[in-house]
Number of protein chains: 2
Amino acid sequence: MVTKNPTPQERRKEQTRRDILENARQMIVRQGVDGLSIRALADQIDYTPGALYKYFDSKDDLIDAVRAASFERLNSFIAMRIQPTNNAAEMLLNGGLAYIEYAALHPQEYFLMFNMESSKATSGEQRDIAMRSLLQIVEFGLMQGEFVAQDDYDAATIAYHCWATVHGIASLQTTILLDERDDFLLLSRVMLQKVIEGFVA
Amino acid sequence: MVTKNPTPQERRKEQTRRDILENARQMIVRQGVDGLSIRALADQIDYTPGALYKYFDSKDDLIDAVRAASFERLNSFIAMRIQPTNNAAEMLLNGGLAYIEYAALHPQEYFLMFNMESSKATSGEQRDIAMRSLLQIVEFGLMQGEFVAQDDYDAATIAYHCWATVHGIASLQTTILLDERDDFLLLSRVMLQKVIEGFVA
DNA sequence: GCACTCAGTAAACAGTGTTCACTACTATAC
DNA sequence: GTATAGTAGTGAACACTGTTTACTGAGTGC
């Protein structure tokens with residue numbers, strides 16, 4: 001990451017880029033990805049549609065940038081909820097619940113992150129960060145004997161299982177089961193605890 | 001369901017409706033939901049764009065119909081894989097794996113079923129069918145003592161947990177982790193078995 | 001003070017879903 | 001067998017979309 005000190009105009013340009021990005025994000029939050037319109041966005045920030053193409057190559061490029069930003073927000077939201085303790089199970093539980101909560105709080109952003117076109121590698125970096133820190137916790141739990149693995153249920157599989165569980169809960173909740181049960185956070189806790197029970201020593 | 005015997009022209013109309021629907025489905029399968037174009041679709045079946053509006057109120061209406069059809073396919077695919085036996089655990093495992101496999105085989109259809117706009121109640125019926133039969137298996141397992149419930153982990157929660165697990169696996173696989181591991185079906189089996197272990201007596 | 005860079009514009013282009021007046025054919029009623 | 005009503009399908013228009021391109025005008029470096 002080599003960033004030489006930027007000139008004022010470079011900083012101004014970076015600022016309006018952020019401005020565009022943030023407004024795009026808010027538009028997606030309010031109306032969904034399909035509700036994002038280049039023309040409406042340009043209008044909102046007092047620009048001409050064509051001007052945006054000086055900052056982003058295309059609409060997809062802009063969406064990718066919003067997606068990456070959302071991934072970062074999700075990751076830091078989770079990181080905030082995980083206070084590093086000696087209890088790996090507690091960290092997994094809190095992190096997982098944070099994941100589910102974030103999805104419930106920002107369904108449109110969550111949907112944006114996990115749809116088919118998101119494999120464009122833009123968000124791949126952030127995804128790897130999430131996966132790595134998850135794996136780290138699991139391996140920490142194994143190392144200190146808090147968790148126990150089996151030959152076909154190793155650290156990687158355990159981590160994957162945790163992610164699949166919270167992702168499944170969050171995804172079902174934000175798509176086809178919207179607000180069907182009001183106790184869904186308690187419910188999620190029970191299910192996640194059950195999964196964790198499956199590999200505590 | 002009151003359907004009086006249809007006249008020939010009614011049957012003809014129903015036939016072209018099915019024709020439109022099937023071509024729309026194939027177009028979605030090949031190019032995704034966003035790749036579905038009314039004009040391209042009309043072109044493909046030698047109609048004028050406007051003609052389709054005699055069969056579907058709008059593009060969204062058409063998409064809803066495709067979604068409902070896909071849900072039906074998924075449900076019958078799973079039903080085929082579940083031979084009714086006395087072993088509820090086996091039924092859950094086979095059904096869950098069928099779910100995951102279907103998603104892997106038809107990622108675009110799967111994505112269509114589980115995106116934000118799908119709560120339009122069109123697919124609600126099919127969803128309820130799936131949930132009911134899942135719940136039935138769990139209750140069957142409980143009744144014959146094969147499974148055991150706890151006060152905060154009752155039949156409904158167990159069913160929900162199973163669905164969330166397979167959905168999470170399928171969703172992760174078809175979105176951000178496409179083909180990252182080739183042994184993902186075996187992996188899925190291990191994870192699902194772990195979940196089931198959590199409530200067998 | 002001059003030349004140059006470049007952010008931003010206006011207008012056009014090709015595409016989209018949707019509507020509507022209209023045509024042509026088909027099924028029914030007399 | 002002919003007139004009538006209904007309707008499947010057309011073609012052109014409308015209001016939108018994302019994107020490109022020639023151009024303008026203000027700010028920077030020399």
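Chain letters run A, B, ... following the sequence lines, proteins first and then strands; every chain starts at 1.
Residue A/Glu139 holds its CD atom at 10.0 Å from CD1 of A/Ile158, rounded to the nearest 0.5 Å. In this structure, A/Glu101 CD and A/Ile78 CD1 are separated by 11.0 Å, a value rounded to the nearest 0.5 Å.
Between B/Tyr153 and B/Phe147, the distance from one ring center to the other does not fall under 6.0 angstrom. For A/His167 and A/Tyr110, the gap between ring centers is short of 6.0 Å. Here A/Phe114 and A/Phe71 bring their ring centres to under 6.0 angstrom of each other.
For the helix from C/dG1-D/dC30 to C/dC30-D/dG1, the rotation axes defined at the first and last 5 base pairs enclose an angle of 0°, given to the nearest 10°.
Note: CZ (B/Arg12) to P (C/dC25) measures 14 Å, nearest angstrom. One interatomic measurement links the two molecules: CD1 of A/Ile20 to C1' of C/dA7, which rounds to 11 Å at whole-angstrom precision. D/dG18 atom C1' lies 15 Å from atom CZ of A/Phe56, rounded to whole Å. Summarising the geometry, the separation between NZ on A/Lys13 and P on C/dT5 is reported as 15 Å, rounded to the nearest angstrom. Note: CG (A/Asp60) to C1' (D/dT17) measures 14 Å, nearest angstrom. Between the CD atom of B/Gln15 and the P atom of D/dA8 there is a distance of 15 Å, rounded to whole Å. Going from atom CG of B/Leu52 over to atom P of C/dT18 covers 10 Å, rounded to whole Å. Taking atom OH of B/Tyr53 as the reference point, atom P of C/dC20 lies 12 Å away to the nearest angstrom.
Among the atoms of the strands shown, only primed sugar atoms or phosphate atoms (P, OP1, OP2) are found under 4.0 Å from some heavy atom of A/Lys59. No engagement by A/Thr16 is indicated, since no non-hydrogen atom pair under 4.0 Å with the nucleic acid exists. If you check every strand for non-hydrogen atoms under 4.0 Å, B/Tyr55 touches sugar and phosphate atoms only.
For the residue pair B/Gln26/B/Glu22, the side-chain donor-acceptor check at 3.5 Å is satisfied.
Closest to the side chain of B/Thr48, from the set D/dT10, C/dT18, D/dT28, is D/dT10.
Near DNA chain D, meaning a heavy atom under 4.0 Å away, the residues from residues 32-47 of chain A are A/Leu36, A/Ser37, A/Ile38, A/Arg39.
Using a 4.0 Å cut-off, no side-chain N or O of A/Lys54 falls inside it from OP1 or OP2 of C/dC6.
The ring pair (Phe, Tyr, Trp, His ring centres under 6.0 Å) pairs that include a residue from residues 76-95 of chain B are B/Phe77-B/Tyr102, where partners are two or more places apart or lie in different chains.
Counting all heavy atoms, side chain and backbone alike, B/Leu41 lies closest to B/Ala24 at CD1-N, 3.7 Å.
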* Given the rule in the side chain to side chain contact (heavy atoms under 4.5 Å, CB included) test, do A/Ile82 and A/Leu92 qualify, once you have shown the distances and angles that lead to the verdict? -> CA-CA 8 Å; A/Ile82 303 180; A/Leu92 282 183; over 6 Å; no
